[in-house]
Amino acid sequence: MSDAALLGRGVSPGGVCARLARLAPPPATSADDPVGEDVRTELARANQALDDVAALLEERAAKAEGVAAEVLVTTAAMAADPTLRDAVAEQLNQGRPTAHAVTLAVEGFCAQLRAIGGYLAERVTDLRDVAARAAALLLGVDMPGIPSPGHPIVLTAVDLAPADTATLPGSDVVALVTEQGGPTGHTAILAKSLGLPAIVACPAIASVPAGTWVLVDGSTGTVEVDPSREARARVHAVKRPEGEPGPGRTRDGSPVALLSNIGTTADASRAAASGTEGVGLFRTEFLFLDRRTAPTEAEQTETYASVLAGFGERPVVVRTLDAGSDKPLPFLPLGVEQNPALGVRGLRTSALHPDALETQLRALASAARDTGRPARVMAPMVATADEARRFVELAHAHGLAEAGVMIEVPAAALRAEEILRVVDFVSIGTNDLGQYVMAADRTSGALAELLDPWQPALLDLIALVGRAGALHSTPVGVCGEAAGDPLLAAVLVGLGATSLSMAPLSRAGVHAELAALSRPDCRAIADAALAGTGPADARARALGVRERVGG
Ligand code: PEP
Ligand code: MG
């Protein structure tokens with residue numbers, strides 16, 4: 001790494017070298033802009049601009065897939081929303097210039113979304129993106145968004161709106177570096193699903209001029225500015241392994257299933273077509289984020305059956321709806337809470353809406369019966385052994401033979417022995433376990449250091465779960481973002497993880513790392529990490545041992 005290396009949070013692995021390009025900024029609108037001739041004409045112009053933006057987003061949605069497509073459809077619907085147009089008319093009637101009227105109307109909506117909080121508050125970026133695009137059309141300036149200079153670029157921005165992320169496939173962008181954004185946030189998950197190396201929480205990138213050559217390493221979170229010729233050659237030499245790597249195992253032949261995280265049926269088809277060993281986490285709430293009415297049992301049965309059938313004999317772990325907090329489901333009202341991440345979410349919602357859980361379990365059991373494929377089910381946000389037992393009994397009563405829970409609340413990790421006695425398996429959600437053990441909101445870029453999955457306190461909790469798993473001979477999976485970091489994957493195996501579930505993109509790197517290490521190596525690397533005084537120290541100690549032992 002050169003002296004000019006900038007540090008951020010690597011969230012999607014891979015290395016590339018290209019010129020830096022900045023996302024075109026949203027146009028500034030002002031109350032001092034010239035006011036149009038008459039309100040009717042200006043309203044028609046504003047509505048046309050919003051229509052054009054909605055059409056553009058829909059067009060992009062048609063080309064995108066999975067979560068990206070869903071987010072674009074929602075954003076297009078916001079642009080077409082008649083209440084937004086009423087708000088623009090109100091601003092125009094007060095004598096505001098047209099583009100500024102759109103900005104103010106949208107800001108009013110943003111304030112409402114922020115007050116509601118959670119997932120809706122996160123839609124503020126998308127809504128502002130609608131305003132910026134409409135304003136650009138009205139002012140006749142460049143549409144904000146991704147430049148297309150005709151050569152590969154590393155795209156940088158404060159953070160990315162999903163509308164931008166969705167247009168990345170087929171663009172000139174070969175890597176992403178954002179000033180803000182959390183390691184488990186939206187940009188990170190989407191970049192990974194698109195297979196682009198990405199770094200978030202890298203504020204220093206703001207001072208690098210557009211056009212500068214940069215070398216991005218999404219695995220280490222470093223950006224080398226003006227890299228040497230040798231460094232560039234190094235990156236070109238690092239090729240993603242070709243082909244399917246086969247089942248995960250350590251060098252001494254001990255199997256560690258390498259599974260995929262999916263959230264939509266498009267993800268499922270992609271993963272099923274790859275050589276993945278199965279699905280360790282199917283985030284079912286992603287199927288229904290935009291639904292105003294509850295999905296019926298028949299509809300759910302069909303969806304789950306198509307996913308199960310796609311994976312054949314490979315296991316699929318279906319997570320029951322993780323509604324609430326950053327993922328509210330419009331058809332599952334949970335009331336307004338001061339701290340939704342600490343409130344009614346995940347399994348807790350079943351106290352308010354028992355039918356939703358029952359319906360989902362029945363649908364999954366029917367899908368498993370109809371397809372003759374194994375379905376495993378697990379509940380999110382479980383805090384106590386009692387909750388775990390009740391859920392497992394309910395799932396078994398529905399005919400689902402294998403039922404488990406996620407370990408993502410520190411209390412559940414601390415009492416893992418009790419929990420592992422009553423479940424068929426557990427899966428550690430390091431994203432939430434990290435946020436709760438460090439008391440750090442996982443969507444906050446400013447808290448990225450606390451949210452680092454190398455935090456020794458998080459590793460301590462994982463070790464407790466691993467020990468309990470060995471004691472009860474119960475499988476312990478890990479399905480948070482941590483599982484996709486090759487060196488951390490070795491630590492997790494050393495701490496007792498029996499399977500790792502990750503974005504499909506991460507699998508080859510983790511596979512190669514485990515294949516180079518024996519089980520005792522993984523334990524030694526894990527012990528070194530546990531002795532760390534902080535995340536950087538834990539990583540450095542683990543790397544020290546890794547370099548001594550590994551092939
Ligand atoms: C986690 O918390 O680590 C997890 C895998 O679940 P989600 O990211 O969906 O909350
Ligand atoms: Mg979670």
Side-chain angles (χ1 to χ4, degrees), residues 11-12 66-67 70 118-119 122 181-193 200 259-264 267 271 279-289 316-329 340-349 376-383 387-388 391 404-413 425-444 447 450-455 458-459 461-462 465 476-485 488-489 492 495 497 499-504 506:
V11 291
S12 181
V67 185
E70 287 160 30
Y119 177 80
E122 286 172 17
T184 55
H186 197 89
T187 304
I189 289 176
L190 277 178
K192 219 182 269 178
S193 85
V200 299
L259 308 164
S260 297
N261 289 352
I262 62 170
T264 61
D267 286 352
V279 171
L281 170 64
F282 179 8
R283 292 178 162 108
T284 56
E285 66 282 354
F286 274 34
L287 295 168
F288 309 122
L289 284 176
V316 176
V317 178
V318 179
R319 180 172 75 181
T320 55
L321 297 176
D322 188 15
S325 185
D326 58 333
K327 293 174 280 195
L329 295 178
L342 301 178
V344 181
R345 63 164 290 201
L347 182 63
R348 298 170 181 186
T349 61
R376 300 177 184 167
V377 65
M378 69 178 175
M381 205 51 193
V382 168
E387 287 174 356
F391 174 77
V405 298
M406 290 193 70
I407 302 285
E408 48 186 356
V409 177
F425 66 91
V426 294
S427 186
I428 305 176
T430 49
N431 305 338
D432 276 316
L433 192 56
Q435 96 160 332
Y436 292 126
V437 74
M438 303 308 293
D441 180 344
R442 69 188 259 192
T443 63
S444 165
L447 302 178
L450 290 173
L451 291 161
D452 190 322
W454 284 89
Q455 280 288 353
L458 174 60
L459 300 180
L461 290 180
I462 296 169
V465 185
V476 172
V478 177
C479 63
E481 298 306 301
D485 168 338
L488 191 46
L492 296 171
L495 295 177
S499 68
L500 301 171
S501 191
M502 62 202 82
S506 305

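In this text, all values refer to a predicted model and were calculated from it rather than measured experimentally. When a ligand or atom number is given, it counts from 1 through the structure's own listing order. Computed over heavy atoms, backbone and side chain alike; hydrogens, waters and symmetry mates excluded.
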Using a strict 4.0 Å cut-off to heavy atoms of [X], name the atoms of ligand 1 that fall inside it.
| X | result |
| --- | --- |
| C479 | 5 (C) |
| D322 | 10 (O) |
| G429 | 1 (C), 2 (O), 3 (O) |
| L281 | 5 (C) |

Is it true that D322 and R283 make a salt bridge, defined as a side-chain N closer than 4.0 Å to a carboxylate O? no

Do [X] and [Y] touch side chain to side chain, with heavy atoms closer than 4.5 Å?
| X | Y | value |
| --- | --- | --- |
| P453 | L488 | yes |
| T349 | L321 | no |
| V318 | R376 | no |

Residue pair Q435 / D432, side-chain donor-acceptor N/O under 3.5 Å: yes

Sequence neighbours excluded, which residues qualify as side-chain contact (heavy atoms from CB on, under 4.5 Å) partners of A489? L500, V510

Checked the Mg ion (ligand 2): protein N, O or S atoms closer than 2.8 Å come out as E408 OE1, D432 OD2

Which one holds for R319 and ligand 1: side chain close, backbone close, both close, or neither close, with close meaning a heavy atom under 4.0 Å?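 Answer for R319: side chain.
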
Would M406 count as a contact residue for ligand 1, given that I'm defining contact as a non-hydrogen atom of the residue lying under 4.0 Å from a ligand atom? yes

Min heavy-atom dist E481 to ligand 1 below 4.0 Å: no

Evaluate side-chain contact (heavy atoms from CB on, under 4.5 Å) for M502 paired with V478, printing each intermediate quantity in order. CA-CA 9 Å; M502 62 202 82; V478 177; over 6 Å; no

Closest to atom 10 (O) of ligand 1 among M502, R442, E408 (heavy-atom distance):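 Residue with the shortest heavy-atom distance to the ligand atom: R442.
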
Between V409 and V382, does a side-chain contact (heavy atoms from CB on, under 4.5 Å) hold up when you go through it step by step? CA-CA 7 Å; V409 177; V382 168; over 6 Å; no

Quick one: salt bridge (Lys or Arg N to Asp or Glu O under 4.0 Å) partners of E387, sequence neighbours excluded? none

Got a sec, which residues hit side-chain hydrogen bond (donor to acceptor under 3.5 Å, both in side chains) with S260, two or more places apart in sequence or on another chain?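 S260 satisfies side-chain hydrogen bond (donor to acceptor under 3.5 Å, both in side chains) with T276 once adjacent residues are dropped.
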
